[in-house]
Amino acid sequence: MKKHDHKEPLFRISKSGYVPLQKAWAIRMVALLLALIVSALIIFSIVKLNPIKVYGTMFQGAFGTNKRMWVTIRDTMMLLCIGLGLAPAFKMRFWNIGAEGQVLVGGIASAACMIYLRDKVSSTAVLPIMFVCSMLAGAVWGFIPGFFKAKYGTNETLFTLMMNYIAIQLTSYFVALWENPYGSNTVGVINSRSKFGWFPPIFGQMYVLNVIIVLVLVVTIYVYLNYSKQGFEIAVVGDSENTARYCGIDVKRVIIRTMVISGAICGIAGFLAVAGAGHTISVSTAGGRGFTTIIVAWMAKFNSFVMVLFSALLVFLEKGAMEIASRYQLSDYVSSMVTGIILFFILGSEFFINFKVTLRKRFSKEVSQ
Amino acid sequence: MGKEPYLETNVTIRMVDITKRFAEVVANKNINLEIRSGEILALLGENGSGKTTLMNMLSGIYMQDSGSIYVKGEHVTIRDPRDAFDLHIGMIHQHFKLVEVLTAAENIVLGLNETRLVDLKNVREQVAKICDRYGFVVEPDKKVYDMSVSEKQTLEIVKVLYRGADILILDEPTAVLTPQETDKLFVVMRNMKADGKSIVIITHKLHEVMEISDRVAVLRKGEYIGDVPTSETDPQKLTDMMVGRAVTLNIDRPEPVDPKESLVVKNLTVKDINGVTKLDNVSFTAYTGEILGIAGISGCGQKELLEAVAGLHKLEKGSSIMFYPRGDRDQGEDLAGQTPIDIKHKGVHLAFVPEDRLGMGLVGNMNIPDNLMLKCYDQGRSPFTNRKKPREQAIQIIRDLEVVTPGLRTPVRRLSGGNVQKILVGREIASDPYLLMTAYAVRGLDINTSYTIYRLLNDQKKKGTAVIYVGEDLDVLLELCDRILVLCSGRVSGIVDGKTARKEEVGLLMTSFKEETA
Ligand SMILES: Nc1ncnc2c1ncn2[C@@H]1O[C@H](COP(=O)(O)OP(=O)(O)OP(=O)(O)O)[C@@H](O)[C@H]1O
Ligand SMILES: [Mg+2]
């Protein structure tokens, strides 16, 4: 027999059972604290700045002024909205990485309404119309890969990715079509004078409507996924198609339906981006958020309320990082590093929640010799 | 390394004071077990008593929370399966661990610590050598997804032997084998024993324990109850040891009351996706208040037969499946060409316990109430699911069938095999079916639970349900069923009376067409 001289490993990892909610959150808080400490050390040792000040600056960047705070909220809502769109698809184990495209076509639909319905309908009536059009556009963009997956078993990852490129090309086309002023190669701010098709300010704030729409969606999606029959079907299909078929679930229908819903919500995000934020359309309207939100959806395990926190965190980090970069004339690297460290610890904390780590019992073995 | 103080020469493995917990569940509690060289040790215990867990600590899947393991007198730490290989310990798992898209030969070399390119030709030769020596049949280039269960198992055993194991652990190997295949396996096991290898076999079938083992060790609820030489015990004593109280081992067969035609199948023909005929012109009738057994060697179409009735297969022209709820001729319904959805919406009370429990009958990641909800979640007009009912049902099933689970929230994939099956059978019976079809309902269940299932089937029978029981244990089929339909290569080779038929007769029917065509 080969000599077997393995020592007991230093630590062992095993799956932990049910972790009480308080404990889970305590671990997350500790992780955040650790992240701040580690980043502080790095900030101090590399750029010789007072870390507390730097954190203050980050906070300033995100919440420093009333306007900044509302921009942070607006961007959080945007991210959250896309995340809510992805959740049903991901829960079904349908890898929809086409949120980017679904947001864009939703945006195009909104912009088209703003341009073509000018003077034709009242400015209050146009918003619901835009809402529905964007939703439909996104739904179509979700339907297509869903249909092909259900009917022909095509690979949804590649398919949805391709749909992104088509949406980008489509956007370029419309940007050229609606170019304003001529030669600028942008659409410019649409209806900047009449504000036709813009979200109206509520209580003097520009972005209250964004918040209302998205928060309604948060609750709706939560209830839909956890308490509705359709949500249950999504969970079954996501886990085992065979079981779904066995218990009489129409798998194809569920796939298509879910992708339509997923696309529709991403389409609404496009509506928010155009009518509720930028008032313009360009190929960067989605701005990579379709991919960032994949992290949001997964970290939150498709729980919409947890998604609120993660979207807020990501947007906060982004704004804060931008601020320290400009305030201290730092290169982007330092701020990206801080962002990276914080994300690393937060993601890492999930590991410690799901697994139990046991250290080696030092002496038990030696004694038995 | 630490030498064991009380070394005995013929002890290969000694496990001392082993404890293993899973969160709140104590799966093994202070277990002391020894495995001797040149013996076949049977490990016996009810479902969830911790047999698999204990063996998994030898094969490197888990590590004990406390206690020590000695291999040939040396204290060892088995951190992962590779450490187990180094110690020549090989385990064939209850649930196979093969890569479906690879071939047999590729699966054999997979995971070996080979730095050089693997010479598959060489592997094939060696595999052939092992097969010749022990009488296995393995086609090295066959893909795993094309294999039957018994082929997969053979491959698992060959894989372990190829890696030089001389301590073999077989976790319920016979659960998926036909009696003939089991006999072959036992021949191999005896050969290996003669070679001085140590073998541990986990099985719930007591006659197998009596036939193959030298010694029996019994676990109950995670504790080590004791061990006895096989020659000094009998099935009744073992059962009592396992359960902790006296149990009676016999199966009722109440006379069918007022049998009426319930399921009339005519000319049922089914082909698989490759166009291979799986069922060929099958015709039979199942009556209310009767248990119709279906016998046959594995892969003879039993699975397809039940799935076809459940609407999971495309049927060939001319097939007809007439279903009369509770024997009512006016409400006849042709199930041929209907999908499970149609069948469900028509309100046909059809319950089906499929062979693949976690892959078809249940959703592994869902908890017990959600799994109970699978069949009835869409009842009622409300767009929302009703969670109260399945919860109550779960509590009832857990109580009635003595399901061992840490709680309602536990995903069913974490339960032991027997408990998974109890949930599935419990759900199907709770739906108050007119027709109940079960495929290998007691596979992997301990003897106590098996008898519980037989009792439940008999209860259904007495209620006037037509019960179809696909089984592999001929003794049980002959004791439980009123009539037995024998399938051979997708054709009906005979329908016999359960009370009068002899085992040999059924055995012969099971292979009749094989010999005809050969
Ligand atoms: N990975 C796991 N996580 C949580 N609990 C587990 C895990 N594996 C086993 N258990 C629990 O430990 C206990 C022992 O399970 P084990 O699988 O060893 O039983 P068993 O004797 O092999 O049963 P069976 O005859 O049904 O295969 C059971 O209560 C089971 O629910
Ligand atoms: Mg087991």
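We name chains A, B, ... by the order of the sequence lines, and we start the count at 1 in each one. These values consider heavy atoms only, across backbone and side chains, with no hydrogens, waters or symmetry-generated copies.
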Looking at [X], I'd like to know if its [atom1] atom is crowded, meaning that more than 12 non-hydrogen atoms belonging to other residues, nucleotides or ligands lie closer than 6.0 Å.
X	atom1	answer
Arg391(B)	CZ	no
Lys303(B)	NZ	no
Arg93(A)	CZ	yes
Phe305(A)	CZ	yes
Tyr227(A)	OH	no
Arg21(B)	CZ	no

Pairs involving residues 362-387 of chain B, ordered by first then second residue, that meet ring pair (Phe, Tyr, Trp, His ring centres under 6.0 Å) (sequence neighbours left out): Phe232(A)-Tyr377(B)
In terms of heavy-atom proximity below 4.5 Å to chain A, should [X] be classed as side chain, backbone, both, or neither?
X	value
Phe352(B)	both
Gln379(B)	backbone
Met360(B)	both
Asp342(B)	neither

Between CD on residue Glu233(A) and CG on residue Leu374(B), distance to nearest 0.5 Å: 11.0 Å
Contact residues of residues 236-249 of chain A (partner chain B; heavy-atom separation under 4.5 angstrom): Val236(A), Asp239(A), Ser240(A), Asn242(A), Thr243(A), Arg245(A), Tyr246(A), Cys247(A), Gly248(A), Ile249(A)
Nearest non-hydrogen partners of Asn226(A) and Arg387(B), listed with the distance: O-NH2, 2.9 Å
Most chain A-contacting option - heavy-atom pairs closer than 4.5 Å, from Ala310(B), Gly364(B), Gly361(B), Gly311(B): Gly361(B)
Most chain A-contacting option - heavy-atom pairs closer than 4.5 Å, from Thr339(B), Val25(B), Asp356(B), Leu362(B): Leu362(B)
